[in-house]
Amino acid sequence: MKSYEIGVLPESEWYFFSPSAETQRMFYYHTMCGHFYCNQDYYIKRETFSPLLLVYVKRGTFFLELTDGKYEAHEGQIAFFDCRQPHYYYASEEMEFYYIHFDGPQAHELCSYINQSSGLIIDGENNDAILKMMDDMVNFYHDGGSESVFETSARIYQMLMLLNNPVQSPRLKKNDDSLIRVVSYIRSHVGKRITLQELADVAGLSLYYFSHLFKEMTGQSPNEFVIYSRIDQAKALLLTSDLSIAEISQQVGYPNSSNLITLFTKRVGCSPAQYRREHRMLLRQDTLG
């Protein structure tokens, strides 16, 4: 199918998919994919959009603005992010890229994990393999191909596995041990007050340099990483203990339980109590099965 979006050139193509409710519940599935050639007029600006977006830049520069900052993906790089947040991406020159919008069970949590470990802009050793998969996928649909939901889901998950193996920039390699030490420090001190200066001291770097390097490595600011580490610990306690929400809040660094409830609900999509109830039910079903 040809695209008629602003700035998208005639040689571009894209494909739409309408997965069933059963597919959405059980599998990874795509809603759109394509191969775009764009000029400087191309842009997309949304407040929110449910699927995730993975973009491989074949030529030019993919500019991306999120609430936490601005990013650029250049030739050979991949941008991967959660579209549920306000986002604006565009080209300021001629650009060619492949893309896939997809979703599925725990897909957004997996996106957050990959962004933490590999970054939001990925310059990994597997990028060429991902490009080949995306090119094969577009050609497959161009030729009228069809496949099972298992095959589609497997392809998407294979791309995600390849994403989580980045090649670090020289300055990240130089400070890799320091930043890993900070990540370990955060995860072992989730119940305590952690300041940005404290983390910079652990890394042995200046405050400014540390903040930028940490964001480059994880795709998140140090503050956001602390919050998600606390939420991860809260999830574990919700499923493996009978502690009250207030007690769990204390253990993960929030003396006031309303703070944890607000942050948890915003980032996970449900309250801690609902998360405990629904996931314990799933665990019981798995055990009985």
Side-chain angles (χ1 to χ4, degrees), residues 24-26 28 46-53 66-69 80-87 102-120 160 163-164 179-180 182-196 198-199 202 211 214-215 217-287:
Q24 293 181 47
R25 186 174 67 254
M26 299 174 60
Y28 276 63
R46 307 186 188 97
E47 284 301 310
T48 186
F49 192 57
S50 179
L52 304 168
L53 176 60
L66 302 175
T67 52
D68 65 347
F80 180 46
F81 65 98
D82 192 332
C83 294
R84 292 181 302 181
Q85 60 187 309
H87 55 280
F102 70 93
D103 212 327
Q106 304 300 311
H108 294 270
E109 289 79 3
L110 188 54
C111 175
S112 176
Y113 173 82
I114 291 174
N115 287 159
Q116 287 185 37
S117 60
S118 301
L120 192 146
L160 296 179
L163 278 179
N164 200 41
L179 295 174
I180 291 175
V182 169
V183 169
S184 177
Y185 182 86
I186 290 172
R187 289 175 174 163
S188 62
H189 291 77
V190 290
K192 300 179 181 179
R193 181 175 179 271
I194 303 174
T195 67
L196 187 59
E198 183 179 352
L199 296 179
V202 170
S211 296
F214 192 89
K215 179 70 175 289
M217 181 184 82
T218 66
Q220 294 178 318
S221 68
N223 182 58
E224 278 293 301
F225 192 88
V226 168
I227 290 173
Y228 276 107
S229 295
R230 289 172 170 170
I231 288 174
D232 289 344
Q233 180 64 18
K235 286 180 178 179
L237 292 172
L238 287 166
L239 297 183
T240 61
S241 78
D242 293 319
L243 295 173
S244 68
I245 304 299
E247 290 171 323
I248 291 174
S249 297
Q250 291 279 347
Q251 288 208 20
V252 300
Y254 296 112
N256 187 337
S257 61
S258 64
N259 291 336
L260 173 63
I261 293 171
T262 298
L263 291 167
F264 193 100
T265 303
K266 179 179 178 181
R267 287 163 172 79
V268 179
C270 64
S271 69
Q274 183 181 354
Y275 181 88
R276 167 179 271 172
R277 183 171 60 253
E278 292 180 353
H279 284 73
R280 280 191 170 180
M281 186 181 301
L282 289 174
L283 288 174
R284 285 197 296 270
Q285 290 174 351
D286 288 343
T287 300

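Owing to the predicted nature of the structure, the values given are computational and were not obtained by experimental measurement.
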Side-chain donor-acceptor contacts of residues 265-272 below 3.5 Å, not counting sequence neighbours, with atom names and distances?
unit_1 : atom_1 : unit_2 : atom_2 : d
Thr265 : OG1    : Ile261 : O      : 2.7
Arg267 : NH2    : Glu224 : OE2    : 2.8
Ser271 : OG     : Gln274 : N      : 3.1

* Structure fact -> Only residue of Leu199, Leu196, Asn223, Val183 satisfying side-chain contact (heavy atoms from CB on, under 4.5 Å) with Phe214 is Val183
* To do: Working to the nearest 0.5 Å, report the span between CG of Leu260 and CD1 of Ile227.
  => 11.0 Å
* Asked: Are Asn256 and Ser258 close enough that a side-chain donor and a side-chain acceptor fall under 3.5 Å?
  -> yes
* With a 4.5 Å limit on heavy-atom distance, are the side chains of Arg46 and Pro86 in contact? -> no
* To do: List in chain and number order the residues that pass side chain to side chain contact (heavy atoms under 4.5 Å, CB included) with Thr240, two or more places apart in sequence or in another chain; answer none if no residue qualifies.
  => none
* **Phe264 and Ile248, any side-chain heavy atoms less than 4.5 Å apart** => no
* **With sequence neighbours excluded, residues passing side chain to side chain donor-acceptor pair (under 3.5 Å) with Asn259** => none
* To do: State which residues pass salt bridge (Lys or Arg N to Asp or Glu O under 4.0 Å) with Asp82; sequence neighbours excluded, sorted by chain then number.
  => Arg84
* **Any pair counted as salt bridge (Lys or Arg N to Asp or Glu O under 4.0 Å), so long as it reaches residues 255-264, sequence neighbours left out** => none
* Asked: Out of curiosity, Ser112 OG to Asp232 CG, how far, rounded to the nearest 0.5 Å?
  -> 7.5 Å
* Asked: By salt bridge (Lys or Arg N to Asp or Glu O under 4.0 Å), which residues pair with Lys235, not counting sequence neighbours?
  -> none
* **For Ser244, side chain to side chain donor-acceptor pair (under 3.5 Å) partners two or more places apart** => Glu247
* Which residues share a side chain to side chain donor-acceptor pair (under 3.5 Å) with Gln85, sequence neighbours left out -> none
* About how many Å separate CG of Leu163 and CZ of Phe80, when rounded to the nearest 0.5 Å? -> 6.0 Å
* Compare all side-chain heavy atoms of Lys215 with those of Asp68 and state whether any distance is below 4.5 angstrom. => yes
* Rounded to the nearest 0.5 Å, what's the gap from CG on Leu53 to SG on Cys83? Could you check? => 4.5 Å
* To do: Measure the NE2-OG1 distance between His87 and Thr67 for me, rounded to the nearest 0.5 Å.
  => 11.5 Å
* With sequence neighbours excluded, what pairs up with His108 under the ring-ring contact (aromatic ring centres under 6.0 Å, His included) test? -> none
* Looking at Ser241 and Arg276, what are the two nearest heavy atoms and their distance? -> O-NH2, 3.1 Å
* **Pairing residues for Ser184 by the side chain to side chain contact (heavy atoms under 4.5 Å, CB included) criterion, not counting sequence neighbours** => none
* Which residues share a ring-ring contact (aromatic ring centres under 6.0 Å, His included) with Tyr254, sequence neighbours left out -> none
* To do: Indicate the atoms forming the closest heavy-atom contact of Gln233 with Val252, along with that distance.
  => CG-CG1, 3.7 Å
* Tell me, please, which residues at least two apart from Ser229 pass side chain to side chain contact (heavy atoms under 4.5 Å, CB included). => Ile186, Arg187, Val190, Phe225
* Structure fact -> Rounded to the nearest 0.5 Å, the CD1 atom of Ile114 sits from the CZ atom of Phe81 at a distance of 14.5 Å
* Heavy-atom check, side chain of Leu110 versus side chain of Tyr28, under 4.5 Å -> yes
